[in-house]
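Have a look at the structure below, then the notes.
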2 protein chains.
Amino acid sequence: MKLDRFDKAILDILQTDGHISNQALAEQIGLSPAPCLRRVKALEQAGLITGYQALVDAKKLGLTLMALIGISMDQHTPERFANFETSIVTIPEVLECLLITGQQSDYLLKVVIRDMDDYQHLLLHKITKIAGVTGVHTSFVLRNVIARARLPIP
Amino acid sequence: MKLDRFDKAILDILQTDGHISNQALAEQIGLSPAPCLRRVKALEQAGLITGYQALVDAKKLGLTLMALIGISMDQHTPERFANFETSIVTIPEVLECLLITGQQSDYLLKVVIRDMDDYQHLLLHKITKIAGVTGVHTSFVLRNVIARARLPIP
DNA sequence: ATTAATAAGAAATTAAATTTCAAATTAATA
DNA sequence: TATTAATTTGAAATTTAATTTCTTATTAAT
């Protein structure tokens, strides 16, 4: 699927405001509502738009701590990795889990927790309990300079 | 503002599906549409819901590379940091920018780019051009095990 | 237990999404 | 370059959902 300027504008706007009405969206990109809606549906159908979500303020939920946790595994086998990944997705505090190169760590996790007690519990009773996890290195986030940024539309 | 089970259910559902109709949402949480809508509006008003966004597939946009870039600064002064932050927010490829502890780096960036050429250009012509940036260490993301997860509702 | 305050639900209204179809634009072919 | 086919647009009608209003019920406080 190739995108013209209308499609790109739609993606750009919907990443910023996923609740904009179709009429307002149509006006912003310079089309009438009917074709605008068709394009949005087509982008959803094509899998370019994978969903919509509300953005929630972590601090107002009491989730004031964010940490990055580097994880080292004992063996670099597909089985070890697969097992780790199926375990880690069940922990709701883990917002992100990336398999990475260029570090001592194999995985980098981003977690949000209420406080140090919760962090300790998460680390000692959940993460280090997963088979194969040998090393853990945590960085705490002091400031979130850019969050929830939108993808650049090429 | 304190949240009851209805509010928590709303936040949980809207983080998963920000496009659900108010009627369907009301049914899922076990309320009629009118009070359900009132609660959603109240959560928006209170700043618990900060917005809505469409989720876009990076690969389908041709953004096939994701990298984590650790940044070290020469001086740890508020002015240096402020300048870096105002510069970094203008780079659309930077999806996330965190000021962190526990690493050699001061900042950790998450970037998405098309390919190695774009990465090279981003690094050499944009990031390292910012005043005070002395060290850069890049990790490439091999696999995105968990992405765009939703906050756990306490 | 009684009152006040808050929240819920039904129904009416308003607004938006969706569909339909004729007109226009774009792309392809001769 | 003219002609045809395919695709896309936009106006209007229809359907659906959001929003408001008002009465009833529930919860909290005295």
Side-chain angles (χ1 to χ4, degrees), chain A residues 1-63 114 148 150-154, chain B residues 1-63 114 148 150-154:
Chain A
M1 183 182 185
K2 65 175 183 177
L3 307 173
D4 64 13
R5 65 189 181 89
F6 292 118
D7 296 316
K8 290 178 182 176
I10 288 170
L11 291 177
D12 201 46
I13 292 168
L14 287 183
Q15 279 193 104
T16 306
D17 180 7
H19 248 201
I20 190 174
S21 74
N22 181 58
Q23 305 193 359
L25 178 63
E27 192 173 8
Q28 280 199 35
I29 67 171
L31 273 181
S32 67
C36 180
L37 184 67
R38 270 192 293 263
R39 281 166 180 271
V40 172
K41 297 294 174 191
L43 289 167
E44 291 171 1
Q45 209 65 41
L48 267 141
I49 295 173
T50 58
Y52 297 85
Q53 70 175 198
L55 302 169
V56 174
D57 188 315
K59 282 189 183 157
K60 293 209 170 159
L61 280 179
L63 301 169
R114 186 183 296 272
R148 80 165 98 87
R150 57 191 206 276
L151 294 173
I153 310 295
Chain B
M1 182 183 186
K2 65 175 183 178
L3 307 173
D4 64 14
R5 64 188 182 92
F6 293 118
D7 296 316
K8 289 178 182 177
I10 287 171
L11 291 177
D12 201 47
I13 293 168
L14 287 183
Q15 279 193 103
T16 305
D17 180 6
H19 248 201
I20 190 174
S21 75
N22 181 58
Q23 304 191 1
L25 179 62
E27 192 174 6
Q28 280 199 35
I29 67 171
L31 274 182
S32 66
C36 180
L37 185 67
R38 271 192 291 263
R39 280 166 179 272
V40 172
K41 297 294 175 191
L43 289 167
E44 291 171 359
Q45 210 64 42
L48 267 141
I49 296 173
T50 58
Y52 297 85
Q53 71 175 196
L55 301 170
V56 174
D57 187 315
K59 283 190 181 158
K60 294 210 171 160
L61 280 178
L63 301 169
R114 185 183 294 274
R148 74 170 90 92
R150 57 190 206 278
L151 295 173
I153 309 296

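Between A/Arg39 and D/dT9, a side-chain N or O to OP1/OP2 separation shorter than 4.0 Å is present. In this structure, A/Lys41 does not reach the C/dA17 phosphate: none of its side-chain N or O atoms is under 4.0 Å from OP1 or OP2.
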Quiz item: Can you list the steps and then say if A/Leu48 with A/Asp7 is a side chain to side chain contact (heavy atoms under 4.5 Å, CB included)?
Solution: CA-CA 10 Å; A/Leu48 267 141; A/Asp7 296 316; over 6 Å; no
Exercise. Before giving the answer on side chain to side chain contact (heavy atoms under 4.5 Å, CB included), spell out for B/Leu55 and A/Ile49 the whole-Å C-alpha distance, their side-chain angles and the decisive distance to 0.1 Å.
Key: CA-CA 6 Å; B/Leu55 301 170; A/Ile49 295 173; over 6 Å; no
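Remark: the backbone N or O of B/Ala46 is paired with a side-chain donor or acceptor of A/Lys60 at under 3.5 angstrom.
In this model, a side-chain donor or acceptor of B/Arg38 finds a partner on the base of C/dA8 within 3.5 Å.
With a cut-off of 3.5 Å on both pairing distances, the Watson-Crick or G-U wobble partner of C/dA4 is D/dT27. The pairing partner recorded for C/dA23 is D/dT8, the criterion being a Watson-Crick or G-U wobble arrangement whose two distances lie under 3.5 angstrom.
In terms of heavy atoms, A/Val40 sits closest to A/Tyr52 at CG1-OH, 3.8 Å. The minimum heavy-atom distance linking A/Asp57 with B/Leu151 is given by the pair C-CD1, 4.4 Å.
Residues from residues 5-24 of chain B that place a heavy atom under 4.0 Å from any atom of DNA chain D, listed by number: B/Ser21, B/Asn22, B/Gln23.
Closest to the side chain of A/Leu37, from the set C/dT18, D/dG10, D/dT20, is C/dT18.
Salt-bridge annotation for B/Arg39 and B/Asp4: present, with a side-chain N of the basic residue lying under 4.0 Å from a carboxylate O of the acidic one.
Put simply, CG on A/Leu25 is 16 Å from C1' on D/dG10, counting in whole angstrom units. Here C/dA8 presents its P atom at 17 Å from CD of B/Glu27, a figure rounded to the nearest Å.
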